[in-house]
Every structure is written in C-alpha cells, then in structure tokens.
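The block underneath contains the structure these notes are about, expressed in structure tokens.
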Number of protein chains: 2
Amino acid sequence: MAVALDEARAGLAEGGVPIGAALYGADGALLGRGHNRRVQDGDPSAHAETDAFRAAGRQRSYRGTTMVTTLSPCWYCSGLVRQFGIARVVVGEARTFHGGHDWLAEHGVEVLVLDDPDCAALMREFVERNPALWNEDIGDD
Amino acid sequence: MAVALDEARAGLAEGGVPIGAALYGADGALLGRGHNRRVQDGDPSAHAETDAFRAAGRQRSYRGTTMVTTLSPCWYCSGLVRQFGIARVVVGEARTFHGGHDWLAEHGVEVLVLDDPDCAALMREFVERNPALWNEDIGDD
C-alpha cells in the first residue's frame, strides 16, 4: 500500500484527485503504478487503477496479479479487474466511497479491505474541499 | 453505427483490434469517437469505448448520453458505462463476444443490440486470423 499511497499523494500535489494504485505480478514484482489524472491530463478515463494497468503495458496474462488501490474501485475499475482476471485486490479503504469490491469478491476475486486511516483521511479531506470535482470523477451529477 | 464502424475499420487498417465506438450527447452531438489501440499504442487500457470516452474529455454529466459500439462491451467497458451513468448503449453485435450488456440493462441502462452483419463479419474474420491477440485483449489466457 506504500506505493499506492505515494501515488495518491503525488496526485494531490499535482492538484488532482488523490487516488493511487499499483499492479503487481504473481511473483510480487511491480508491473505498473499510477494515479488519477482527470485534472492533470484532462483525461476522465485515467482512474488510478486504469493508470497503473496502462503503465504495466501489454501482458499476456493477469493470472496471479494483485491490484493495490488506496480506495474501493468504482464500477469502471472493478470491471477492469474482472475482465482481465486480476486475481487479488487490496483496497486501502472503502469508508469514503464504496465501489464494486463486493461484486468482485462474489465473482472469485480475492479482496482485502485494509481500512487504512491514512488512505481514508486523504480522501475525506479531498472530498470535503472539492465535492464537485469528486462527483465529476465518479459520474455523480 | 456508421461512425463506430468507421473507427473499427480504421483500427483494422492500423493493424489493431477492429472495435470502434462513439459517444453522443443527449442532444445527439458527437462528443468523442475512438477505437481499440492495444496494438497501435501498446496500451491495454485503450478499448474502443474507453478511447471514445477519453476523446470526449471531461464532462460534468453523462445524463442522456449514448455509447455506440461495434461489439458487446466487455466488463471493463460495461463498468465504465455504469459508473458514469451513460444512459444508452447501442451494440453492433454480441455474436462473436458476449460482454456485460445484459448486466447494464438490469441496472437501468437502455441497451439496443443491432445484430449488424458488417460488425459481426469484421470481428469474426479478425478473431479467426488473430486468436492470441483477441484473447489477450479480453484477458482470456
């Protein structure tokens, strides 16, 4: 979670939505890391998990891989995990936003929710200060 | 569907996976169009629907929008539609691949499957010639 949290903080420092993620191979090697880039790149498709997935480049298989993310993955990022057969998702916290991690667990993905206070504090403060931007990021109008 | 099919054919001409998509606003205006860019950009996150969504840039709301895609959307792209509240999905065909469009319909998205023979022929020929690439694109190992 340290890498994902570093990514989230980097995103915040750039003026963006502070969510970070990292994708690890079955052997524990880091394949890709990233963070939300909606603001920085004007790219609504760059959620933390998709940014880490993209950074990992083309992979023949996602068997045994683990996605670590500071926040419960939204439906878009949950769909990514399910489609590509990512084996495990480690979620920093699901207090400030409850995405699709229960659905992933129902469909055979190993899900671990850490309820990490640093991840939760980062998002709580961000959402309090930037409610419109946060709502835009999750398509909530 | 003409725009999405043009995108799919452009992708094929570039040596890529021939799936195209276009996102339209509630007023019918084209917001963004795109195609799968796994091969061209080495980007596994660039499915047709996410590429069109990205091309549309930041939007405050997706209320009333329509995603037109040549192929049934995979879980990743179905998750995109659900998360952002895209109202309607027009699917070229679901014969060569059956993604998450039933799930979207269950969750209130208006889904129209055209069963278009041009869309189906394009994918069928591609999958026959490039089974490994197609399996990679949908995370099937």
Side-chain angles (χ1 to χ4, degrees), chain A residues 16-17 21 23 26 31-32 34 36-65 72-87 97 99-100 103-104 107 109 132-133 135-141, chain B residues 16-17 21 23 26 31-32 34 36-65 72-87 97 99-100 103-104 107 109 132-133 135-141:
Chain A
V17 180
L23 182 65
L31 299 176
N36 189 298
R37 298 182 186 277
R38 170 177 295 271
V39 173
Q40 298 92 317
D41 295 354
D43 181 356
S45 76
H47 274 198
E49 297 89 334
T50 60
D51 194 48
F53 178 82
R54 188 181 198 193
R58 288 173 61 178
Q59 303 280 334
R60 188 61 201 83
S61 169
Y62 292 88
R63 194 175 292 184
T65 57
S72 173
C74 79
W75 287 116
Y76 169 45
C77 298
S78 295
L80 177 88
V81 168
R82 181 170 176 187
Q83 185 62 47
F84 290 97
I86 292 170
F97 175 75
W103 178 74
L104 288 175
H107 289 283
V109 177
L133 178 54
N135 286 338
E136 180 189 316
D137 197 58
I138 52 172
D140 190 348
D141 60 352
Chain B
V17 180
L23 182 65
L31 298 177
N36 189 298
R37 297 181 187 277
R38 169 176 296 271
V39 173
Q40 299 91 317
D41 295 354
D43 181 355
S45 76
H47 274 199
E49 298 89 333
T50 59
D51 195 47
F53 178 82
R54 188 181 197 193
R58 289 173 60 177
Q59 302 281 334
R60 187 61 200 86
S61 170
Y62 293 87
R63 195 175 292 187
T65 57
S72 173
C74 78
W75 287 116
Y76 169 46
C77 299
S78 295
L80 177 88
V81 168
R82 181 169 176 189
Q83 185 62 47
F84 291 97
I86 292 170
F97 175 76
W103 178 72
L104 288 176
H107 289 283
V109 177
L133 178 55
N135 286 337
E136 180 190 315
D137 197 57
I138 53 172
D140 191 346
D141 60 353

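Heavy atoms only: backbone and side chains are in, while hydrogens, waters and symmetry mates are out. Naming: A, B, ... by sequence-line order, numbering from 1 per chain. Keep in mind it's a predicted model, so treat the numbers as computed, not measured.
- Neither the backbone nor the side chain of B:Asp41 comes within less than 4.5 Å of any heavy atom of chain A.
- The parts of A:Asn135 that come within reach of chain B are both its backbone and its side chain, each placing non-hydrogen atoms under 4.5 angstrom from that chain.
- Exactly one of B:Tyr76, B:Trp103, B:Trp75 qualifies for a ring-ring contact (aromatic ring centres under 6.0 Å, His included) with A:Trp75. That residue is B:Trp103.
- Of all non-hydrogen atoms in A:Arg54 and B:Asp43, the two that sit nearest each other are NE-OD2, 2.7 Å.
- Aromatic rings from A:Phe53 and B:His47 are positioned such that their centres are separated by 6.0 Å or more.
- Among the candidates B:Arg60, B:Arg63, B:Gln59, the single residue satisfying the side chain to side chain donor-acceptor pair (under 3.5 Å) test with A:Asp141 is B:Arg63.
- Among A:Gly85, A:Ser78, A:Gly57, the residue making the largest number of heavy-atom pairs under 4.5 Å with chain B is A:Gly57.
- Chain A forms more heavy-atom pairs under 4.5 Å with one residue of B:Ala56, B:Pro44, B:Ser45 than with any other, namely B:Pro44.
- For the pair A:Glu136 and B:Phe84, the tightest heavy-atom approach, listed with the atom from each and the gap, is O-CE2, 4.0 Å.
- Here the shortest heavy-atom pairing between A:Val39 and B:Arg58 reads CA-NH1, 3.8 Å.
- At a 4.5 Å heavy-atom cutoff, the contact between A:Asp140 and chain B is made by backbone atoms alone.
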